[in-house]
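A quick note: this is a predicted structure, and the numbers were derived from the prediction, not measured.
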Amino acid sequence: MSEEPKSLNFIEHIIEEDLKAGLSKDKLRFRFPPEPNGYLHIGHTKAIGISFGLGEKYNAPVNLRFDDTNPAKEEQEYVDAIKRDIAWMGYEWANELYSSDYFQTLFDWTIQLIKDGKAYVDSQSSEAMATQKGTPTEPGVDGPYRNRTVDENLELFLSMKAGKFDEGKHILRAKIDMQHPNMLMRDPIMYRVLKKEHHRTKANWCIYPMYDWTHGESDYIEQISHSLCSLEFKPHRELYDWFKEHVYQYASNELPMQPKQREFARLNLSYTIMSKRKLLQLVQNGVVSGWDDPRMPTISGLRRRGYTPKSIRQFIDKVGVAKRENVIDVSLLEFCIREDLNYSAPRVMAVLDPVKLIITNYPDGKEEWLEAENNQEDDSAGFRKVPFSKALYIERDDFKEEASSNFFRLKLGGQVRLKNAYIIKGETVVKDSNGNITEIHCTYSTDTEQKVKGTLHWVSIKHAIKVEVREYDRLFRDEAPDSHPETDFMEFLNPNSLKIIEAFVEPSLAEAKVGERFQFQRLGYFNVDDDSTEDLLVFNKTVGLRDSWAKQKPKPQQQQNTPQAQQQQKRPAIDEIKKLGKKYANLPEDKQQKTKTVILKLAEDVSYDEVQDLFNTSVKKTGTRIATVLMLSVLLKNGQERNTEIEEFLASAKADSNTTLVVEANAVG
RNA sequence: UGGCCUAUGGUGUAACUGGUAACACGUUGGUUUUUGGUACCAAAGAGUCUAGGUUCGAGACCUAGUGGGCCAACCA
């Protein structure tokens, strides 16, 4: 089987070029560097997929390195959860490492930097330092302690390490350039005093290195070839390189490889939030049951919801890697899980919203065990038996007393197939005093060869198992809940994101184990939740089946073409015309006429100044010039006075080689 | 009043050293079907933000403009 040569993303291009330029393939090494301060979410799976994916592609080691330099926020619980999630995704790390393992090396290098006059101790308040630092648009100024002697710096720093100072009294800064246009280069902090116990180094240290100092040097120590991170770290690269190049002077013999940081755009998913801080808020406020609530975009939440590792990896693969901001539609994630489960999930029958169906010509006490195919997509899946009897449940939705011919389900006088069983015909209904249907009566026929349009799923009431089904909707009603500066994301919470249903399933599910996934036929994919007990099975709805019937139902009132309409309204008329004009010359004649009418109409909203800008459009851009002539005709008609600019433009248009342009220009006169 | 990144169908990603846009999701039809699922077939949908330039030729290169993003935590 020949694989299609898949096109490379920009990171793979960089690696290929490095390889071509002489980098030995066995020097390739990657890393995934989470901070253990929260659970991994779907956004992280992109970063994981990129670095571990590269490792698989080039057969290179990938380290799992915990970036644990802030004892105030980090916990062992998160370390464990992160390892569990990455392993579940099916990735294997070469080494489990911690930045805290490098604290001593980092410290030693720091002493050298101080001796070389590249770092100094500052003893001001954080406010004073912030003021001196300037803003993105204004340069900073040097602080009063910037020119301490090497000896003084050394002594102070050693005292910091020895615990002689309280938090906040002194910090160590790199000495770079307070006027630098990149704020990160304005003497960034390297160490702060933190008298906190670290989850690994315990009380060994009371000074802790900052991210920029630690992260790059950790890459360097591990001899990472390509250090991949998300876009917001782009400005850090300059500092990353600064530290790296200085340390390289001390260690190039033992550590010859200088890592290369490259940045990609992080993943955003519509209708979900991707900030660890905000996800923590949902957990702490009890909005969800925990980090692994099936509505959470965390890996553990998706796992509990029934997503497979394969589907998530597939998703990440389809999403691609680039540098522009993006919002992925959740429908792509849903596609990936359906695609996977379609091949692997056994089919069963379950009724979520039951109504009783009595087969009047079926003998009272009789029951039959009929054969049912477990998965028509998988020949090895085999068959099982399902019980059939006189009284069944079917979905309330699957019956209407009367309906048009495009309703393929059961109606009075109509025939329909019961999946894996017989063909039935709707006869009468029984209603309660409110007019609600309580029973449907029908007759059955054993001639299953007949062609009928609809097939329904069902369960035998006598044999069915009562279970709990949890149906989920999106957690937020807004497409981008955390992108509104005015409104807190919590305002967009969907109050109906969880629906608990009492449902009935076929008896073969009695043995279902936690985590097992099924297709409830005609409904969707479900898995057995951790909350299941001996007495009650609990199912999560992972995702519904595609439903082209549901799509037909919404009344034609709801026009959903709003995005385009909005775009056109927002766009200034002049821009719209430019765009139309650009392709004008290449259009067939009938389309040209239509476009012309549109341009003439839009031109009513265009000012002379806007048109004037286009007078010196280059000669070869005929379409734009035709549009300009058309706009001009409207302006002149509306009272614009002729001036020399206009005359010159028209003259040049009349002299053009393009006949359409000449015709339009002559029409203006 | 600065620096950096970015701009391709509705969405996401492609287009090897420049040779006139491809794939996936979604959408819409159709065929098959004991799941209104799956599978299969087909269609619509962008001419690559705008302008200028280099070139025989630009989505790609250069310049400017515009839109979007990031940068002022003793967080990572």
*Under the side chain to side chain donor-acceptor pair (under 3.5 Å) rule, what do A:S227 and A:R31 come out as? Steps first, then yes or no, please.*
CA-CA 7 Å; A:S227 174; A:R31 107 268 93 118; 3.1 Å; yes
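- Straight-line distance from the CH2 atom of A:W549 to the P atom of B:G29: 13 Å, rounded to whole Å.
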*Derivation of the side chain to side chain donor-acceptor pair (under 3.5 Å) call for A:E75 and A:H199*: CA-CA 6 Å; A:E75 290 173 28; A:H199 70 108; over 6 Å; no
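- Scored by the salt bridge (charged side-chain N to carboxylate O under 4.0 Å, His left out) test, A:K260 finds A:D18 as partners (sequence neighbours excluded).
- For the P atoms, the distance from B:C16 to B:U27 is 31 Å, rounded to whole Å.
- Between the side chain of A:Q519 and the backbone N or O of A:N342, no donor-acceptor pair lies under 3.5 Å.
- Nucleotides B:G12 and B:G45 are separated by 15 Å at their C1' atoms, to the nearest Å.
- Comparing the C1' positions of B:A76 and B:A51 gives an interatomic distance of 42 Å, to the nearest angstrom.
- For the pair A:Y343 OH and B:G37 C1', the computed distance is 12 Å after rounding to whole Å.
- You'll find that the side chain of A:K323 is closest to B:U6, out of B:A39, B:U6, B:G37.
- Within 6.0 Å of atom NZ in A:K310, 12 or fewer heavy atoms from other residues, nucleotides or ligands are found, so the atom counts as exposed in its surroundings.
- Position along RNA chain B of the nearest nucleotide to A:G454 versus A:V319 favours A:V319 as the more 5'-ward residue.
- Distance, A:L456 CG to B:G37 C1': 14 Å, rounded to whole Å.
- Listed by residue number, A:Q376, A:E377 are the residues of residues 370-378 of chain A with a heavy-atom contact under 4.0 Å to RNA chain B.
- Nearer the 5' end of RNA chain B, as judged by each residue's closest nucleotide, is the contact made by A:N326, out of A:F335 and A:N326.
- Remark: A:R522 engages A:D398 in a salt bridge (charged side-chain N to carboxylate O under 4.0 Å, His left out) (not counting sequence neighbours).
- The aromatic rings of A:F32 and A:H44 sit perpendicular, their planes meeting at an angle over 60°, well past the 30° parallel limit.
- Screening residues 119-143 of chain A for salt bridge (charged side-chain N to carboxylate O under 4.0 Å, His left out), with sequence neighbours left out, gives A:D122-A:R173, A:D142-A:R146.
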For residues 329-337 of chain A, which side-chain N or O atoms pair as donor and acceptor with protein atoms under 3.5 Å away, sequence neighbours left out?
residue, atom, partner, partner atom, Å
A:D329, OD1, A:S331, N, 3.0
A:D329, OD1, A:S331, OG, 3.2

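- For the C1' atoms, the distance from B:G26 to B:U11 is 8 Å, rounded to whole Å.
- Taking atom CD of residue A:E138 and atom C1' of nucleotide B:U1, one finds them 8 Å apart after rounding to whole Å.
- Under the salt bridge (charged side-chain N to carboxylate O under 4.0 Å, His left out) criterion, A:K541 pairs with A:E471, sequence neighbours left out.
- When distances run from any side-chain atom of A:R347 to the nucleotides B:U34, B:G12, B:G37, the shortest one goes to B:G37.
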Atom pairs, protein N/O to nucleotides 14-19 of chain B N/O, distance under 3.5 Å:
residue, atom, partner, partner atom, Å
B:A14, OP1, A:V321, O, 2.8
B:A14, O2', A:S7, OG, 2.9
B:A15, OP1, A:H13, NE2, 3.4

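- The aromatic rings of A:Y211 and A:H236 sit perpendicular, their planes meeting at an angle over 60°, well past the 30° parallel limit.
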*Take A:I42 and A:M274, measure what side-chain contact (heavy atoms from CB on, under 4.5 Å) needs, and give me the verdict at the end.*
CA-CA 8 Å; A:I42 184 80; A:M274 218 70 96; 3.5 Å; yes
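- Judged as a salt bridge (charged side-chain N to carboxylate O under 4.0 Å, His left out), and not counting sequence neighbours, A:R262 has no contacts.
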Mind listing the side-chain donor-acceptor pairs of residues 448-455 of chain A below 3.5 Å, one per line with the distance, residues two or more places apart or on another chain?
residue, atom, partner, partner atom, Å
A:Q450, NE2, A:S445, OG, 3.4
A:Q450, NE2, A:D447, O, 3.2

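- Every residue two or more places apart in sequence or in another chain that forms a side chain to side chain contact (heavy atoms under 4.5 Å, CB included) with A:E167 is listed here: A:V193, A:L194, A:K195, A:K196.
- When distances are taken from the side chain of A:L332 to each of B:A39, B:C25, B:U34, the shortest belongs to B:C25.
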*For RNA chain B, produce a single dot-bracket line, 5' to 3'. Pairs: Watson-Crick or G-U wobble, both distances under 3.5 Å. Symbols: ( ) within strand, [ ] crossing, | other strand, . unpaired.*
.((((((..((((.....[..)))).(((((.......))))).....(((((..]....))))))))))).....
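- Residue-level contact check: A:F66 touches neither bases nor backbone, having no heavy atom under 4.0 Å from any strand.
- Between the C1' atoms of B:U66 and B:A72, the separation comes to 26 Å (whole Å).
- Comparing B:A14 with B:C25, their C1' atoms sit 15 Å apart, to the nearest whole Å.
- Contact of the A:S99 side chain with the A:R65 side chain is registered, since non-hydrogen atoms from C-beta on lie closer than 4.5 Å.
- Between the P atoms of B:A43 and B:A24, the separation comes to 13 Å (whole Å).
- Taking atom P in both B:G30 and B:A22, one finds a spacing of 26 Å when rounded to whole Å.
- Classification of B:G47 as syn follows from a glycosidic angle within 90° of 0.
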_Base versus backbone protein contacts along nucleotides 64-76 of chain B [heavy-atom cut-off under 4.0 Å; B, S, -]_ = -----S-BB-BSB
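- Within the 4.0 angstrom heavy-atom criterion, base atoms lie near A:Q519.
- For B:G36, its base never sits under 3.5 Å from the side chain of A:R546 at any donor and acceptor pair.
- Residue A:K551 has a polar side-chain atom (N or O) positioned under 4.0 Å from OP1 or OP2 of B:U27.
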